[in-house]
Amino acid sequence: MVANWKMNPTTYRSARALFDGIKAQASKLTKVETVIAPSFLHIQPLSNAYKGKKIAFAAQDVYVEQEGSYTGEVSPLQLKDVKVRYVIVGHSERRAMGENDSVVAAKVRAVLDNGLVPIVCVGEKERNDQGTYLTFIKKQLIASLKDVKESEVGSVVVAYEPLWAIGRSAEDAMDGHELHQMSLYIHKILIDEYTHKHAQNIRILYGGSVEPQNTEELLKEGNVDGFLVGHASLNAQEFGSILARVQSLK
Ligand code: PGA
């Protein structure tokens with residue numbers, strides 16, 4: 001269960017309060033892995049202060065090089081140094097800023113080369129009756145994982161995040177049935193590309209307006225391993241209630 005805080009909260013003080021609220025819920029869970037992706041700035045103070053084992057840290061992006069003259073960028077080694085385990089790569093909000101599939105593929109490579117776990121995001125902008133979004137997802141997924149070796153693919157996490165469902169509300173998100181179709185489709189693409197043995201270990205998450213109200217349906221019917229939660233993860237109570245629901249259904 002990944003909390004993607006995006007460019008929130010605006011102060012460390014609020015980030016710490018949010019973290020502590022989520023920690024109180026997450027520490028009771030036995031079957032759920034909770035991952036928090038704060039802004040780059042807030043990762044280190046949060047990870048230094050956290051002594052538990054239930055929460056892992058993720059970064060929301062990374063650069064492809066380990067060190068050097070790349071103004072404004074953050075390297076995978078710097079992330080490792082502050083106890084980051086996962087890196088979100090190719091989120092649609094980054095793709096909208098110009099990141100294409102080959103940049104995403106290079107970032108996935110850099111993440112794996114440094115012993116971190118990539119959470120690779122894919123998702124269509126819109127859907128139509130012709131089903132062209134299926135071809136789009138296939139191309140985007142294959143291109144984003146282009147440099148991943150067979151032996152590594154099992155550790156990759158794929159996050160399916162249709163753009164039309166992001167940042168809305170539970171009513172506008174996907175329903176469980178639609179999600180089930182898409183998760184089967186993504187599994188099939190992965191099994192066609194890699195051997196079954198490795199592809200079956202790939203965890204698939206769904207992201208796009210996951211809220212306490214639709215958690216149950218999406219998890220029961222959607223056939224996914226977890227969720228990438230944006231706005232609902234900025235409220236400890238809401239995110240805690242999503243976590244508790246997942247725990248009770250797993
Ligand atoms: P949302 O964001 O839960 O606010 O829709 C999900 C995401 O963009 O990762």
Side-chain angles (χ1 to χ4, degrees), residues 1-10 14-15 18 21-22 25-26 32-40 42-43 55-62 84-99 104 107-108 111 117-127 133 136-137 140-141 144 156-176 178-179 182-183 186 203-219 222 224-246:
M1 291 293 302
V2 187
N4 177 13
W5 286 356
K6 307 190 179 182
M7 204 172 68
N8 304 294
T10 51
S14 332
L18 177 58
I22 294 175
Q25 306 284 338
V32 180
E33 183 183 7
T34 306
V35 179
I36 298 188
S39 79
F40 281 135
H42 295 156
I43 296 175
I55 297 177
F57 288 91
Q60 299 173 17
D61 188 25
V62 69
V84 161
R85 190 183 308 157
Y86 293 92
V87 183
I88 300 173
V89 183
H91 189 281
S92 60
E93 286 154 14
R94 299 225 52 88
R95 290 183 187 261
M97 290 174 207
E99 217 167 89
V104 174
K107 289 186 173 183
V108 171
V111 169
V117 179
I119 300 173
V120 187
C121 301
V122 294
E124 76 279 5
K125 276 201 192 69
E126 59 203 358
R127 289 191 167 194
Y133 64 94
F136 176 85
I137 292 294
Q140 199 181 42
L141 186 60
S144 302
V156 168
V157 179
V158 171
Y160 170 63
E161 298 211 305
L163 273 66
W164 51 268
I166 293 180
R168 311 197 55 167
S169 68
E171 298 85 65
D172 302 309
M174 267 199 133
D175 64 35
E178 286 172 313
L179 181 57
M182 187 48 95
S183 62
I186 291 177
R203 286 175 290 176
I204 300 182
L205 310 180
Y206 166 74
S209 301
V210 175
E211 294 181 349
Q213 301 90 294
N214 57 359
T215 301
E216 219 167 291
E217 181 195 326
L218 289 169
L219 198 67
V224 287
D225 299 292
F227 300 124
L228 184 56
V229 184
H231 63 270
S233 73
L234 296 172
N235 177 318
Q237 233 181 346
E238 266 195 55
F239 191 60
S241 138
I242 296 175
L243 292 178
R245 279 162 212 247
V246 172

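Here the structure is a predicted model, which is why all the values come from computation and not from measurement. First listed ligand is number 1; within each ligand, the first listed atom is number 1.
- Note on ring orientation: taking the six-membered ring where Trp is involved, the planes of Y206 and Y160 are tilted (angle from 30° to 60°).
- Atoms of ligand 1 lying under 4.0 Å from any heavy atom of G208, numbered from 1 in the order shown and given with element: 5 (O).
- Using a 4.0 Å heavy-atom cutoff, E211 is absent from the residues neighbouring ligand 1.
- In this structure, R203 and D225 approach most closely via the heavy-atom pair CA-OD2, 3.3 Å.
- With a 4.0 Å cut-off on non-hydrogen atoms, N4 touches ligand 1 through its side chain and not its backbone.
- Distances from ligand 1 to the non-hydrogen atoms of G207 include no value under 4.0 Å.
- For atom 9 (O) of ligand 1, the closest heavy atom belonging to the protein is E161 OE2, 2.8 Å.
- A donor-acceptor distance shorter than 3.5 angstrom exists from the side chain of E178 to the backbone of D175, with no hydrogens or angles considered.
- A donor-acceptor pair shorter than 3.5 Å cannot be found between the side chains of Q60 and W5.
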message = Under the criterion side chain to side chain contact (heavy atoms under 4.5 Å, CB included), I'd like the reasoning laid out for I88 against R94: C-alpha separation, chi angles, the key distance, then a yes or no.
response = CA-CA 10 Å; I88 300 173; R94 299 225 52 88; over 6 Å; no
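- Among G230, G167, A165, the residue whose heavy atom sits closest to atom 5 (O) of ligand 1 is G167.
- Side-chain contact check for H91 and E161: at least one donor-acceptor pair (N or O, by modelled atom type) lies under 3.5 Å.
- Taking any N or O of V229, backbone or side chain, none lies under 3.5 Å from an N or O belonging to ligand 1.
- Heavy-atom proximity to S209, at under 4.0 Å, picks out these atoms of ligand 1: 1 (P), 3 (O), 5 (O).
- Atom 4 (O) of ligand 1 has H231 ND1, 2.6 Å as its closest protein atom, hydrogens excluded (heavy atom only).
- The protein atom (non-hydrogen) at minimum distance from atom 2 (O) of ligand 1 is K6 NZ, 3.3 Å.
- Residue-to-ligand polar distances keep R168 apart from ligand 1: every N/O pair is separated by 3.5 Å or more.
- A232 does not count as a contact of ligand 1, since none of its heavy atoms falls under 4.0 Å from the ligand.
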So M182 and I137, side chain to side chain contact (heavy atoms under 4.5 Å, CB included) or not? Walk me through it.
CA-CA 9 Å; M182 187 48 95; I137 292 294; 3.8 Å; yes
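- Each of V35, I36, V111 was compared with Y86 under the side chain to side chain contact (heavy atoms under 4.5 Å, CB included) criterion, and only V35 meets it.
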